[in-house]
2 protein chains.
Amino acid sequence: MKKATSLVDVARKAKVNISTVSRTINQTGKIGAETQARVRKVMRELGYKPNRVARRLRARDASTHLLGLIIPNIQNPFFADLARGVEDVAYKHNFALLLCNYDEDEKKEQFYLDVMQAESVDGVILPPIHENDPAVMQVVKNGTPVVCVDRILSDSSLDKVEVDNHMGAYKAVEHIIAQGHRRIGFIAGPADSSTGRERLRGGKDALIAARVPIKSELIRFGDFKQESGRLLTHELLTLAEPPTALFVSNGLMTIGALEAIAARGLKIPKQIALVGYDELPLAAVFNPPLTIVKQPAYEVGRCAAELLLKRIADPKHPPTSLKLHPELIVRKSC
Amino acid sequence: MKKATSLVDVARKAKVNISTVSRTINQTGKIGAETQARVRKVMRELGYKPNRVARRLRARDASTHLLGLIIPNIQNPFFADLARGVEDVAYKHNFALLLCNYDEDEKKEQFYLDVMQAESVDGVILPPIHENDPAVMQVVKNGTPVVCVDRILSDSSLDKVEVDNHMGAYKAVEHIIAQGHRRIGFIAGPADSSTGRERLRGGKDALIAARVPIKSELIRFGDFKQESGRLLTHELLTLAEPPTALFVSNGLMTIGALEAIAARGLKIPKQIALVGYDELPLAAVFNPPLTIVKQPAYEVGRCAAELLLKRIADPKHPPTSLKLHPELIVRKSC
DNA sequence: TTTGCGAATGCAAACGTTTGCGTGTAGTTA
DNA sequence: TAACTACACGCAAACGTTTGCATTCGCAAA
């Protein structure tokens with residue numbers, strides 16, 4: 001790595017002190033107009049680019065123009081969309097993005113949180129592993145702005161943007177019932193995740209509202225990953241009295257469920273109807289097109305980033321809590 | 001942002017000089033065993049975490065444990081997989097990852113390349129916009145290790161890992177011909193991208209080898225994005241004599257093609273056969289399951305990251321060039 | 001002429017590391 | 001005992017910024 005041109009080089013060539021250069025860059029302090037012009041000229045000539053590392057080291061209070069995003073897995077389209085939302089906002093404000101996949105692994109989460117602090121990022125966006133995530137709490141205590149997405153933290157003093165999970169599941173199950181189904185298989189998420197629980201409750205509430213009895217044998221708990229969707233769907237379909245419709249409460253598990261259904265050669269929606277969660281790249285052109293609950297993933301990321309930037313600018317700002325609405329997209333699978 | 005515990009704090013409490021602490025951390029220089037033990041103990045007690053920013057600032061030659069990844073769009077599953085491959089390797093070696101989406105936009109690419117340098121990352125992984133990317137060249141000249149993925153740079157002194165595009169397209173078209181098709185629509189990528197050109201040539205070569213005449217009206221050039229796949233498929237299907245099979249040369253455009261086909265209510269493969277490029281989340285369970293050319297995206301990322309780490313460790317190492325093999329996955333769509 | 005004052009700029013410390021060099025101590029050799 | 005050597009560790013500079021505190025200068029007010 002060659003040494004790049006630095007403040008000193010510019011200062012020397014422009015015959016001023018480095019502080020003058022610094023101030024013209026940051027528009028801080030009083031600098032004469034013609035001096036500024038000269039400095040700028042030299043900067044252009046030398047192709048000077050401020051060193052972000054040095055800047056971060058010195059001014060840990062000032063903005064370092066670096067954001068952290070810690071997500072379970074970028075291969076999940078939901079998080080890919082979310083990440084893209086964050087990135088677009090970040091770019092618009094000249095922020096770079098540190099991206100980390102923690103795979104629901106607390107060890108990895110801890111590692112990456114440490115990295116965030118060690119890199120002294122301006123702020124972090126993440127879905128906490130569970131409501132009482134001590135590692136995240138610690139970061140918050142250290143004074144790093146944090147905004148939670150998708151899942152929430154019990155500490156209510158944080159900015160957060162979530163999607164109304166209860167509503168999403170409610171709409172889905174309501175729709176399934178409206179199609180005439182009574183035996184509805186429910187592939188839920190982990191019981192210890194807020195999203196999993198809320199979607200479960202939403203589904204149950206829809207059942208209750210329609211006076212459809214809740215059968216615990218029809219409810220299975222997965223881990224939001226593809227394989228568990230496949231396995232649990234098989235389980236449900238081998239029941240003595242199998243469900244006529246399926247509600248799968250996240251995107252990856254929906255793929256798994258489709259695998260199981262395809263393996264059994266079942267026709268959708270005749271033999272088994274299905275409502276999924278999360279929009280997937282091929283869902284709209286699927287055969288039959290998939291009825292799903294669409295979460296505004298990109299919007300979540302966008303809002304979160306904007307909240308974070310706002311908080312960085314004004315740390316005292318009272319915490320904002322956003323709840324975005326999912327949308328039931330009725331196609332042909334149910 | 002509270003100030004974290006630093007070397008000085010540790011040094012003070014352990015009654016040694018900061019250099020001693022630094023050396024015990026990095027295992028450099030000679031430090032007595034019992035001193036090391038004492039220092040380590042204090043570090044644990046204080047929960048000391050080295051400041052990566054300061055480390056990077058000081059030791060721009062030493063490893064800063066930060067990698068940059070600049071890709072067109074993380075929402076493209078191909079790049080999501082690739083990114084994941086990079087990330088896994090990075091994590092295993094305690095590197096963090098700076099992720100950027102440049103959207104095939106030279107302005108953005110330039111911005112992010114500047115960020116990379118300003119952050120003094122250890123190295124960068126990217127698919128160059130086109131073969132003669134001056135911005136990337138500049139970074140290379142500055143001494144930052146760069147490895148190209150997916151697409152290549154004319155400068156052959158770089159490490160690179162690509163997928164054999166010619167082979168992928170060849171296999172695909174060969175298979176289409178083997179299924180008895182003679183009128184084959186080809187949705188190609190941009191003519192000014194190496195991947196686009198190589199896939200086109202691969203397809204043409206398969207046609208030539210089978211003595212199937214090449215009709216230029218059946219070849220359309222897209223931009224590797226979904227919308228162009230949709231539009232061009234419509235174009236091809238409105239031809240007086242439409243193709244009986246389609247080869248779509250990337251994942252996003254395949255989705256678009258499927259949109260067009262669905263909009264026209266055509267049956268796959270009876271009315272129109274299709275071979276896509278890139279594995280997509282629902283491709284295997286699609287109805288019919290999609291025949292596609294699968295690129296080892298994760299592997300590309302993994303190899304690239306390993307190459308990069310190797311180069312960082314040994315900058316003089318002669319450049320390595322990897323060419324991974326795509327795989328034709330025959331399912332039911334052709 | 002002196003004093004005061006604001007505007008423009010310079011000086012130097014600080015951020016938290018790494019590292020070349022210097023120093024002290026103990027052990028070895030002549 | 002003197003001279004070396006090896007080892008363990010301390011000192012201080014350097015990385016490229018930002019920023020509080022001078023300092024200089026010109027000019028208006030007293």
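To find a chain, count down the sequence lines: A is the first, B the second, and so on, and within it residues start at 1. Below, each value reflects all heavy atoms present in this structure, side chains not excepted, and no hydrogens, waters or symmetry copies.
Of the listed nucleotides (C:dA12, C:dT19, D:dG16), C:dA12 has the atom at the smallest distance from the side chain of A:I18. With C:dT18, D:dT18, C:dG16 as the choices, the nucleotide that has an atom nearest any side-chain atom of A:N26 turns out to be D:dT18.
Between B:S22 and the phosphate of C:dT18, there is a side-chain N or O to OP1/OP2 separation shorter than 4.0 Å.
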What does the list of N/O pairs under 3.5 Å between the protein and nucleotides 22-25 of chain C look like, with a distance for each?
none

Pairs under 3.5 angstrom, nitrogen or oxygen only, protein versus nucleotides 6-9 of chain C, please.
unit_1 : atom_1 : unit_2 : atom_2 : d
C:dT9  : OP1    : A:T35  : OG1    : 2.3
C:dT9  : OP2    : A:G32  : N      : 2.5
C:dT9  : OP2    : A:T35  : OG1    : 3.3

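When the nearest nucleotides of DNA chain C are assigned to B:T28 and B:A54 by heavy-atom distance, the more 5′-ward of the two goes with B:A54.
For the pair A:N51 CG and D:dC15 C1', the computed distance is 8 Å after rounding to whole Å. Rounded to whole Å, atom P of C:dT18 lies 13 Å from atom CD of B:Q27.
The heavy-atom pair separating B:G301 from B:V86 by the smallest distance is O-CG2, 3.4 Å.
B:D103 is linked by a side-chain hydrogen bond (donor to acceptor under 3.5 Å, both in side chains) to A:R84, B:K108, counting only residues two or more places apart in sequence or in another chain. With sequence neighbours excluded, the residues satisfying ring pair (Phe, Tyr, Trp, His ring centres under 6.0 Å) with A:Y91 are B:F111, B:Y112.
For residues 310-322 of chain A, the side chain to side chain donor-acceptor pair (under 3.5 Å) pairs, not counting sequence neighbours, are A:D159-A:R311.
When the local axes at the two ends of the helix from C:dT1-D:dA30 to C:dA30-D:dT1 are compared, using 5 base pairs at each end, they differ in direction by 70° after rounding to 10°.
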